[in-house]
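Lettering of chains follows the sequences in order, A, B, ..., and the numbering in each one begins at 1.
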2 protein chains.
Amino acid sequence: MNKSEIKVIAVLERVGGFASAQELYQLLQRSGESIGLTTVYRALQSLVSDKIVDQLRREDGEAIYRLCGDSHHHHLVCKQCGSTVEIEGSAIERWTKAMAEEHGFREVGHTAEIFGICPAC
Amino acid sequence: MNKSEIKVIAVLERVGGFASAQELYQLLQRSGESIGLTTVYRALQSLVSDKIVDQLRREDGEAIYRLCGDSHHHHLVCKQCGSTVEIEGSAIERWTKAMAEEHGFREVGHTAEIFGICPAC
DNA sequence: CCTGAAAATGAAAATCATTTTCATTTCTGA
DNA sequence: TCAGAAATGAAAATGATTTTCATTTTCAGG
């Protein structure tokens, strides 16, 4: 964890939700931090692979980031406005385990996401 | 609905699931269709706004498309050799429905994939 | 059949987020 | 203190997608 990563975490805390790399870069600039766009991207990559930051996609394909919640969760994403809700996924865990067993797979993991249109849209 | 849109629908039927614009373009080329990449993009846009085609995003941000209401299946993918097994996902369907209802989302869909190491590897 | 306006087409250029390159600067630990 | 490693960032490269624009096709009326 280096200086840039700490700066990025700080701004993500300030934001308190999702923001794109470009947005985070702008915010850092405005608050007088000296940090390059490349470094913001690199810090985000690193934080994502350390599971400190969650990454997903806006409707237009731009990546957005936010600090991870604590538990392993899945997302319910609005196709329209991009808002997300963390949802419970124990059903998925069980399904994963069952399917893996049935087909003799080991060291399994999974991805699952639900998308739709939220009540507000 | 013009000729290009019909060609794109035909290839999506053949694919029977998700594919990116670039992939669809390649498939059309290979099957001898004369159609430009630009036109594929335009046809897809139009089909999406007519709700004939569903659009979502791969993890890397590339847009992927499939015919609306296409019944889809899930895959168990080997991380090592890439082999895939089609698996049953009614548990996922139920989970999707339950979560959507709980949070008031409508027009929901989902993606789910299990990855691991297959018996052969 | 014509004819011309509207729609469709596609090659090439533009866009834009993201990644890579590479030369330079900052750390670190012996 | 010093050398090698890690970090940095400007600029170039990348790759999907969109826009531009000149050309071709379609098609309703004459």
Side-chain angles (χ1 to χ4, degrees), chain A residues 1-12 15 17-67 75 77 79-84 111 113 115, chain B residues 1-12 15 17-67 111:
Chain A
M1 176 95 70
N2 60 35
K3 260 186 219 170
S4 306
E5 291 173 21
I6 290 172
K7 286 180 189 171
V8 168
I9 289 176
V11 75
L12 276 170
V15 165
F18 283 108
S20 71
Q22 307 276 346
E23 287 162 357
L24 293 171
Y25 171 67
Q26 310 261 16
L27 287 170
L28 284 162
Q29 293 291 296
R30 270 189 230 122
S31 58
E33 291 291 351
S34 160
I35 186 173
L37 180 57
T38 310
T39 303
V40 171
Y41 274 106
R42 272 194 289 239
L44 285 168
Q45 271 176 191
S46 164
L47 292 168
V48 166
S49 76
D50 291 350
K51 301 206 195 309
I52 293 167
V53 160
D54 255 352
Q55 172 183 32
L56 51 116
R57 296 275 163 185
R58 281 210 191 114
E59 184 84 342
D60 68 356
E62 193 174 355
I64 50 179
Y65 306 85
R66 81 168 161 190
L67 290 175
H75 289 119
V77 185
K79 291 195 268 199
Q80 211 115 94
C81 68
S83 70
T84 68
T111 58
E113 200 164 77
F115 48 90
Chain B
M1 176 96 70
N2 62 35
K3 262 185 216 169
S4 307
E5 291 173 21
I6 289 171
K7 286 181 190 170
V8 169
I9 289 175
V11 75
L12 276 169
V15 166
F18 284 108
S20 71
Q22 307 274 349
E23 287 164 357
L24 294 171
Y25 171 68
Q26 309 261 15
L27 287 170
L28 284 163
Q29 294 290 298
R30 271 189 229 124
S31 59
E33 291 291 352
S34 160
I35 187 172
L37 180 57
T38 310
T39 304
V40 171
Y41 273 105
R42 271 193 290 239
L44 285 168
Q45 273 176 188
S46 164
L47 292 168
V48 167
S49 75
D50 290 351
K51 299 205 196 308
I52 293 166
V53 162
D54 255 352
Q55 173 183 30
L56 54 120
R57 296 273 165 187
R58 271 214 262 269
E59 195 131 334
D60 68 355
E62 193 173 356
I64 50 179
Y65 307 85
R66 78 168 169 197
L67 289 176
T111 57

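First and last contacts of DNA chain C with chain B, using any nucleotide atom under 4.0 Å from a protein heavy atom and ordered 5' to 3', fall at C:dA8 to C:dA12.
Residues B:Y65 and B:V8 form no side-chain contact, since every pair of their non-hydrogen atoms from C-beta on lies 4.5 Å or further apart.
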Checklist entry - How far apart are the C-alpha atoms of B:Y41 and B:Q22, what are their side-chain angles, what is the distance that settles it, and do they pass the side chain to side chain donor-acceptor pair (under 3.5 Å) test? => result CA-CA 9 Å; B:Y41 273 105; B:Q22 307 274 349; 3.0 Å; yes
Item to check | side chain to side chain contact (heavy atoms under 4.5 Å, CB included) between A:Q55 and A:L44, worked out | outcome: CA-CA 9 Å; A:Q55 172 183 32; A:L44 285 168; over 6 Å; no
Checklist entry - Can you check side chain to side chain contact (heavy atoms under 4.5 Å, CB included) on A:T84 and A:R66, steps first, answer last? => result CA-CA 11 Å; A:T84 68; A:R66 81 168 161 190; 3.8 Å; yes
Checklist entry - A:K7 and A:S4: side chain to side chain contact (heavy atoms under 4.5 Å, CB included), yes or no, with the steps? => result CA-CA 5 Å; A:K7 286 180 189 171; A:S4 306; 5.6 Å; no
Next on the checklist: Please evaluate residues A:E113 and B:R58 with respect to the criterion salt bridge (Lys or Arg N to Asp or Glu O under 4.0 Å), reporting the C-alpha separation (whole Å), side-chain torsions for both, the decisive distance (0.1 Å), and the verdict.
Outcome noted: CA-CA 11 Å; A:E113 200 164 77; B:R58 271 214 262 269; over 6 Å; no
Next on the checklist: Let's go through A:I52 and A:M1 carefully: what are the C-alpha distance in whole Å and the side-chain angles of both, what is the deciding distance for side chain to side chain contact (heavy atoms under 4.5 Å, CB included) to 0.1 Å, and is it a yes or a no?
Outcome noted: CA-CA 11 Å; A:I52 293 167; A:M1 176 95 70; 4.1 Å; yes
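Counting non-hydrogen atoms under 4.0 angstrom, A:S34 reaches the backbone sugars and phosphates but no base. Residue contacts shown for A:S20 are absent, as no nucleic acid heavy atom lies under 4.0 Å away.
Rounded to a whole Å, the CG atom of B:D60 is 12 Å from the P atom of D:dG15. For the pair B:Q45 CD and D:dT17 C1', the interatomic distance rounds to 9 Å; values are reported in whole Å. When the P atom of D:dT18 is taken as reference, atom CD of A:E59 falls 12 Å away, rounded to whole Å. The nearest whole Å value for the distance from the CZ atom in B:R58 to the P atom in D:dG15 is 14 Å. One atom, CG of A:L47, and another, C1' of D:dA7, lie 14 Å apart when rounded to the nearest Å. For the pair B:Q22 CD and D:dT14 P, the interatomic distance rounds to 16 Å; values are reported in whole Å.
If one axis is set at each end of the helix from C:dC1-D:dG30 to C:dA30-D:dT1 from five pairs, those axes are 20° apart, to 10°.
Nearest to the side chain of A:N2, among D:dT17, D:dT26, D:dA7, sits D:dA7.
Take B:Y25 and apply the side-chain hydrogen bond (donor to acceptor under 3.5 Å, both in side chains) test, not counting sequence neighbours, and it matches no residue.
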When the side chains of residues 29-40 of chain A are checked against the rest of the protein, which donor-acceptor pairs come out under 3.5 Å, sequence neighbours left out?
{"residue": "A:Q29", "atom": "NE2", "partner": "A:I35", "partner atom": "O", "Å": "2.9"}
{"residue": "A:S31", "atom": "OG", "partner": "A:L27", "partner atom": "O", "Å": "3.0"}
{"residue": "A:S31", "atom": "OG", "partner": "A:L28", "partner atom": "O", "Å": "3.1"}

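Contact between B:E5 and B:S46 at its shortest, heavy atoms only, is OE2-OG, 3.0 Å.
Residue pairs meeting the salt bridge (charged side-chain N to carboxylate O under 4.0 Å, His left out) criterion with at least one partner in residues 40-50 of chain A, sequence neighbours excluded, do not occur; the list is empty.
For DNA chain C, the neighbouring residues in residues 35-44 of chain B, judged by any heavy atom under 4.0 Å, are B:I35, B:G36, B:T38, B:T39, B:R42.
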